[in-house]
Amino acid sequence: MKPVASKPSAGPSASVMPTYNRFDLVFERGEGSWLVTTKGERFLDFASGVAVNALGHAHPVLVAALTEQAGKLWHTSNLYRVAGQERLAERLCAATFAERVFFCNSGAEACEGAIKAARRTQFKRGKAHKNQIITFDGAFHGRTLATIAAGGNETYLEGFEPRMPGFHVLPFGDLAALEQAVDDSTAAIMIEPLQGEGGIRVASDAYLKAIRALADKHGALVVFDEVQSGVGRTGRLFAHESSGVTPDIMAIAKGIGGGFPVGAFLTTEEAGQAMGAGSHGSTFGGNPLAMAVGNAVLDVILAPGFLAEVQSKGLYLKQKFAQLKDEFPGVVVDLRGEGLLQGIRVVPPAGDIVKALIGQKLLAMSARDNVLRVAPPLTVSTAEIDDAVNRIAHAFRSLPKTAG
Ligand code: PLP
């Protein structure tokens with residue numbers, strides 16, 4: 001037997017596959033918007049596990065739901081009814097366009113399921129030739145073979161050929177290009193109403209409306225990926241709600257589990273019916289532990305006043321970022337985002353700023369387009385927003401050769 005360390009070693013373990021460039025930080029516990037390392041250092045968490053910990057760390061409602069369920073039942077498989085799954089599905093349907101829900105464990109799986117449901121719906125309509133999916137540059141739908149083809153990011157595709165066929169990646173926001181591309185072979189147009197990884201790019205309400213109209217004209221479906229933008233992140237339950245447009249299929253994950261792995265795709269009755277018995281499955285999807293947490297997340301997020309508060313905190317954060325833009329014209333290019341998913345497009349490499357923020361004990365993220373991205377817990381306080389903005393200002397000041 002090879003020796004195994006019982007504690008985190010001085011550096012990253014060589015036994016973990018090197019797919020991530022990780023910061024050399026090991027967190028031991030979390031409280032609300034704060035994370036504490038094994039060395040006792042406290043970090044203000046404006047990353048939330050890439051927009052996952054919607055209610056921060058160790059939220060008492062989630063801890064109670066998970067521990068109570070843990071003492072009763074963990075897993076039964078989907079060969080039997082799962083009470084928590086039925087309840088969460090009914091609540092998600094009541095709160096959205098949807099009439100059917102399939103539960104899985106991650107965002108990529110939710111997107112894969114959404115793509116399958118789109119093709120299967122066309123197949124059930126007798127239109128099996130309508131099997132092409134239109135997506136947009138900057139999109140991120142996950143790391144499976146289908147979702148890297150859907151995203152079209154060459155870096156993520158490199159070395160994984162052959163590329164899965166059936167995806168057409170168009171420029172984001174270019175309606176003329178879309179009008180040209182949609183044809184009788186189009187099964188669905190798939191879009192993030194607010195691109196997270198792609199640089200906090202918001203699809204305008206008018207653009208979403210035009211996508212819906214074009215899809216309807218050609219008998220294509222609309223698929224929204226709200227894995228990052230959904231579950232209260234924008235101050236609405238789902239980002240697309242402001243447009244008045246509804247999709248046929250929607251992928252969700254991240255926030256709905258509050259840190260427990262939960263994903264789902266939601267569909268109309270037609271698309272849900274198309275996914276009949278045997279068409280899809282997941283061993284772990286919708287298991288009792290996941291569903292207990294998902295229901296508890298909704299208990300908090302759907303409570304009266306919660307989303308209104310996210311909206312007002314989002315506005316507050318936006319104002320604070322606008323002040324940073326005034327104070328640091330040499331660093332800040334523009335501001336993006338909604339609610340508590342916001343970005344600052346910066347002049348210096350965004351990755352350098354994320355590193356400088358580690359020095360300030362603030363966790364943030366970068367996104368494409370050289371954007372510094374923040375996604376604090378939806379439970380963040382305005383005092384914590386002030387604190388984070390001060391840390392960002394300090395980091396900007398510490399950058400070499402910056403004005404302000
Ligand atoms: N879709 C979007 C919009 C995402 O932001 C992500 C993850 O960041 C995914 C899909 C993939 O989710 P996961 O990493 O859980 O597979």
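Atoms within a ligand are numbered from 1 in the order they appear, just like the ligands themselves. Position 1 is the first residue of the sequence; numbering continues from there.
Across all their heavy atoms, A187 and Q122 have their closest contact at O-NE2, 3.0 Å. Annotation for C93 and E99: closest pair SG-C, 3.4 Å, computed over non-hydrogen atoms.
Within ligand 1, the atoms closer than 4.0 Å to a non-hydrogen atom of D225 are 1 (N), 2 (C), 3 (C), 10 (C), numbered from 1 in the order shown. Below 4.0 Å from some heavy atom of E197 lie the following atoms of ligand 1, by number and element: 8 (O). Within ligand 1, the atoms closer than 4.0 Å to a non-hydrogen atom of A108 are 11 (C), 12 (O), 13 (P), 16 (O), numbered from 1 in the order shown. The S106 neighbourhood of ligand 1 comprises atoms 15 (O), 16 (O), with distances under 4.0 Å to a heavy atom of that residue.
Residue V227 has no N or O atom closer than 3.5 Å to an N or O atom of ligand 1. Ligand 1 has no nitrogen or oxygen under 3.5 angstrom from a nitrogen or oxygen of C111.
Protein heavy atom nearest atom 2 (C) of ligand 1, with residue, atom name and distance: F140 O, 3.1 Å. For atom 5 (O) of ligand 1, the closest heavy atom belonging to the protein is Q228 NE2, 2.7 Å.
The option from H141, K254, E192 that lies nearest to atom 7 (C) of ligand 1, judged by heavy atoms, is K254. Within the set G257, P193, S229, G107, the minimum heavy-atom distance to atom 13 (P) of ligand 1 is found for G107.
Neither the backbone nor the side chain of E109 comes within contact range of ligand 1; no heavy atom lies under 4.0 Å. For A253, no heavy-atom contact with ligand 1 is shorter than 4.0 Å.
A salt bridge is absent between D205 and K209: the closest approach of a Lys/Arg side-chain nitrogen to an acidic carboxylate oxygen does not fall below 4.0 angstrom.
Side-chain contact of Q319 with Q323: a donor-acceptor pair under 3.5 Å is absent, judged by distance alone. Judged by distance alone, the side chains of R201 and Q195 do bring a donor and an acceptor atom under 3.5 Å apart.
A cation-pi arrangement, defined by a distance under 6.0 Å to the six-membered ring centre and an angle within 45 degrees of its axis, is absent between R87 and F103.
Summarising the geometry, atom OG1 belonging to T382 is positioned 9.5 Å from atom NZ belonging to K320; distances are rounded to the nearest 0.5 Å.
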Kindly indicate, with the supporting measurements, whether the criterion ring pair (Phe, Tyr, Trp, His ring centres under 6.0 Å) is fulfilled by H141 and F167. CA-CA 12 Å; H141 299 300; F167 297 94; 8.7 Å; no

